[in-house]
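What you are looking at is a predicted structure, and each value in this text was computed from that prediction instead of being measured.
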Amino acid sequence: MTRPGPELKAVIFDLDGVIFDSRQANIVFYNHLLEYVGMPPNAAQAVEVIHRENMTNSLKHLMGEGENYDKALAYWQAMDPARFIGELRLFPYVEEA
């Protein structure tokens, strides 16, 4: 393995899926939205979708389009997502890197 030369100025890492594992955070976050609109918290059953798709597609998958979707989207746009940061987990060996 060759070491980078002095021309290397920075290394950029993608955050989600590289530094942080957000799978559980996504489940907790979407369960919160589901409960907000009065639906059962079953985001774990759709984890492959909600972990891969953007917000709007994930909401559509979980609750379809309509009143619940509109209510959840408006709530999300006004909410402070900081309460879910504690659900993020560093992948192993990130700190060493």
Task: L59 reachable from V28 in the ILVMFWY side-chain graph, under 4.5 Å edges - done: yes
- [ ] State, with a plain yes or no, whether a side-chain heavy atom of L33 is found less than 4.5 Å away from one of M79.
- [x] yes
Side chains of residues 34-42: which donor-acceptor partners sit under 3.5 Å, not counting sequence neighbours?
none

TODO: In plain terms, say whether R23 and E48 are close enough for a salt bridge, that is, a side-chain N and a carboxylate O under 4.0 Å apart.
DONE: yes
- [ ] Find the distance between CG (D80) and CZ (R83) and round it off to the nearest 0.5 Å.
- [x] 7.5 Å
- [ ] Quick one: pull up CZ in F84 and CG in N26 and give me the separation to the nearest 0.5 Å.
- [x] 10.5 Å
- [ ] If a pair satisfies side chain to side chain donor-acceptor pair (under 3.5 Å) and one of its residues is in residues 70-79, list it, with sequence neighbours excluded.
- [x] H32-Y75
TODO: Working to the nearest 0.5 Å, report the span between CD of E87 and CG of D21.
DONE: 11.5 Å
N/O donor-acceptor pairs under 3.5 Å from side chains in residues 90-97, not counting sequence neighbours:
none

- [ ] Please tell me if the side chains of Y30 and V47 come closer than 4.5 Å, counting only heavy atoms from C-beta onward.
- [x] no
Task: Qualifying residues under side chain to side chain donor-acceptor pair (under 3.5 Å), relative to S22, sequence neighbours excluded - done: D16
- [ ] Could you pull out all residues at least two apart from E53 that satisfy side chain to side chain contact (heavy atoms under 4.5 Å, CB included)?
- [x] V49, N57, S58
- [ ] Using ring-ring contact (aromatic ring centres under 6.0 Å, His included) as the criterion, list what pairs up with H51, not counting sequence neighbours.
- [x] none
